[in-house]
**Q** 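What follows is a structure written as structure tokens; I'll ask about it next.
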Amino acid sequence: MPMTSRREPVVLVAGLLTSVLWVGSALLNRSADAPFEGQTVLAGLLAGAVVVAMTYLATRRLPRGTGTWAVLLGTWFGVVVGGVAGAVADVVADVTFPSPDNPAFLLLTASFDGSSWGLGAGWLVGLVVVGTLSLTSRRDASSLPATRRARKPLRARAYPTVLVAGGAGALVWAGVGAAGSWLVWHRSARGPVDLLAEVTSGAMAWRFTTGRPVVEPLEMGLGVLVGLVVAGGTWLATRRLPPRASRWSLVLAVWFVAIAAASVAAATRSVMAFAVGELRSTTVNLALSSVQASLFWPLVLGWSAGLLAALVYRATGGESAADAGGEPAADAGSTTPDDLSRSALHTDAEEPMTVP
């Protein structure tokens, strides 16, 4: 589907701002005597291109004035993915083969850094996208529907979607942790198991040893926390979101909420495990490392919660005549040219009473 004129500025601004933030953060983090390399600019352009594609999907087929939270969260997710793409490309440009280090661990570490960068910078890009979209979506009063009731976007019942997304997020979090813990505790092979332990370290920790409970009470509480965060983010994403407007908007938004829930659970676990009496700088560093390691598995599997949420939200929503491909039904009171010309001035109080 080709981009409309009001969507082109949005996606271009998102990609340009992401590239500028990437290059700017690289300049701030480099040492004074280190040369500035051109591959940093290329990595920033790649990150911006990914964000352009994700923003296009997040805003695709959205009616004017709808899906603000879904666009914000979906764009934020696009910046996370763009950060991963840029960081991995930057590392690949420096890797020489054969490498003394394991390339898989180098790429995994790069994905940790890129996703954490996107998690910290994506909110700014999301806010700029929402603001640009609101500026390019202005229209005159003559194009508005006849009544406020007609201008209200078609919505679905959000509670089934919220419950399904929260439950799916918690189940994926527990399942990933169970698979990683089982392999780590029951296999002595190195290499792949070590890599799996790195990517599943932020999920639920299971103890497959005798004499100890399989799941600690803290992990059960964290599972509830993950479900609540995913459910709350899904509720925000469905606000003023028509059920048949854009399935990608909700999928990307819930996908990002799964990433945010994993980071919140990892940070909570680290603080409760290492903070004894007071919060020290070493505890904060350990918490940040744990958050970075927890971002990989929802980045790979968070689509499942988003897809289920989109399917349920579409199934529980109604369908207007425009969505079905037909013409909208005519208003019973809009029968004369005078009424049609005054459609922008109608209010609910002026609507004719329906005679039974």
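Counting begins at 1 with the first residue of the sequence.
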**Q** Please list, chain by chain and in numerical order, all residues satisfying side-chain contact (heavy atoms from CB on, under 4.5 Å) with A231, sequence neighbours excluded.
**A**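 If we apply the side-chain contact (heavy atoms from CB on, under 4.5 Å) test to A231, skipping adjacent residues, the hits are V162.
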**Q** Over all heavy atoms of both residues, which pair between V254 and A309 is shortest? Give the atoms and the distance, please.
**A** CG2-CB, 4.0 Å
**Q** Table please: side-chain donor-acceptor pairs of residues 44-51 below 3.5 Å, with sequence neighbours left out.
**A**
none

**Q** In Å, rounded to the nearest 0.5 Å, how long is the span from CG of L308 to CH2 of W303?
**A** 8.5 Å
**Q** Using a 3.5 Å cut-off and no angle test, enumerate the donor-acceptor pairs between side-chain atoms of residues 164-180 and protein atoms at least two apart in sequence or in another chain.
**A**
{"residue": "W173", "atom": "NE1", "partner": "G202", "partner atom": "O", "Å": "3.2"}

**Q** Apply the test side-chain contact (heavy atoms from CB on, under 4.5 Å) to residues L218 and T268: give CA-CA distance (whole Å), side-chain angles for both, the deciding distance (0.1 Å), then the verdict.
**A** CA-CA 10 Å; L218 174 61; T268 304; 5.6 Å; no
**Q** Would you check if the side chain of T136 reaches a backbone N or O of L133 as a donor-acceptor pair within less than 3.5 Å?
**A**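 Yes; judged by distance alone, with no hydrogens or angles, the pair exists.
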**Q** Do W123 and V79 have side chains that approach each other closer than 4.5 Å (heavy atoms only, starting at C-beta)?
**A** no
**Q** Does any non-hydrogen side-chain atom of L62 lie less than 4.5 Å from one of L241?
**A**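 Yes; the side chains approach each other to less than 4.5 Å.
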**Q** Mind checking whether M54 and L124 sit in one hydrophobic cluster, side chains of I, L, V, M, F, W, Y counted as touching below 4.5 Å?
**A**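 Linked, M54 and L124 end up in one cluster.
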**Q** Considering only Ile, Leu, Val, Met, Phe, Trp and Tyr, and joining two whenever side-chain heavy atoms are under 4.5 Å apart, list the other residues clustered with V20.
**A** L16
**Q** Counting only N and O atoms by type, is there a donor-acceptor contact under 3.5 Å from the side chain of S134 to the main-chain atoms of G131?
**A** yes
**Q** Group every Ile, Leu, Val, Met, Phe, Trp and Tyr by side-chain heavy-atom contacts under 4.5 Å, then state whether L57 and W76 land in the same group.
**A**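 Yes, same cluster.
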**Q** What residues, two or more places apart in sequence or in another chain, satisfy side chain to side chain donor-acceptor pair (under 3.5 Å) together with D113?
**A**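 Here no residue qualifies.
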**Q** Which pair of heavy atoms, one from A258 and one from G302, lies closest together, and at what distance?
**A**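 For A258 and G302, the tightest heavy-atom pair comes out as CB-CA, 4.3 Å.
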**Q** Which heavy-atom pair separates F77 from L299 by the least distance, and what is that distance?
**A**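 Minimum heavy-atom contact is CE1-CD1, 4.0 Å.
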**Q** Is it possible for you to say whether Y313 and L163 belong to one hydrophobic cluster, with membership spreading through side-chain heavy-atom contacts below 4.5 Å?
**A**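 In one cluster: no.
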**Q** For the residue pair W22 and A87, what are the closest heavy atoms and their distance?
**A**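 Between these two residues, the closest heavy atoms are CH2-N, 3.3 Å.
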**Q** Out of curiosity, does V81 fall in the hydrophobic cluster containing W248 (side-chain heavy atoms, cut-off under 4.5 Å, transitive links)?
**A** yes
**Q** Can you run down the side-chain hydrogen bond (donor to acceptor under 3.5 Å, both in side chains) pairs that involve residues 218-234, sequence neighbours left out, and say none if there aren't any?
**A** E219-R269
**Q** Do you know the tightest heavy-atom contact between A58 and L252?
**A** N-CD1, 4.0 Å
**Q** Checking L236 now: which residues fulfil side-chain contact (heavy atoms from CB on, under 4.5 Å) with it, not counting sequence neighbours?
**A** W69, R239
**Q** Are F256 and L17 connected in the hydrophobic side-chain network, where two residues link if heavy atoms are under 4.5 Å apart?
**A**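 The answer is yes; both residues are in one hydrophobic cluster.
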**Q** Which residues satisfy the side chain to side chain donor-acceptor pair (under 3.5 Å) test with W117, sequence neighbours excluded?
**A**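 In terms of side chain to side chain donor-acceptor pair (under 3.5 Å), with neighbours along the sequence ignored, W117 is linked to S25.
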**Q** Among residues at least two apart in sequence or on other chains, which ones pass side-chain contact (heavy atoms from CB on, under 4.5 Å) with V13?
**A** V128, T132
**Q** Output all residues satisfying side-chain contact (heavy atoms from CB on, under 4.5 Å) with L295, sequence neighbours left out; order by chain, then residue number.
**A** S115, S116, L119, I259, S263
**Q** Linking Ile, Leu, Val, Met, Phe, Trp and Tyr through side-chain heavy atoms less than 4.5 Å apart, which residues share a cluster with L228?
**A**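 Noted: L228 shares its cluster with V224.
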**Q** Provide the closest heavy-atom pair for A14 versus V129 in the form atom of the first, atom of the second, distance.
**A**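 So the minimum-distance heavy-atom pair works out to CB-CG2, 3.5 Å.
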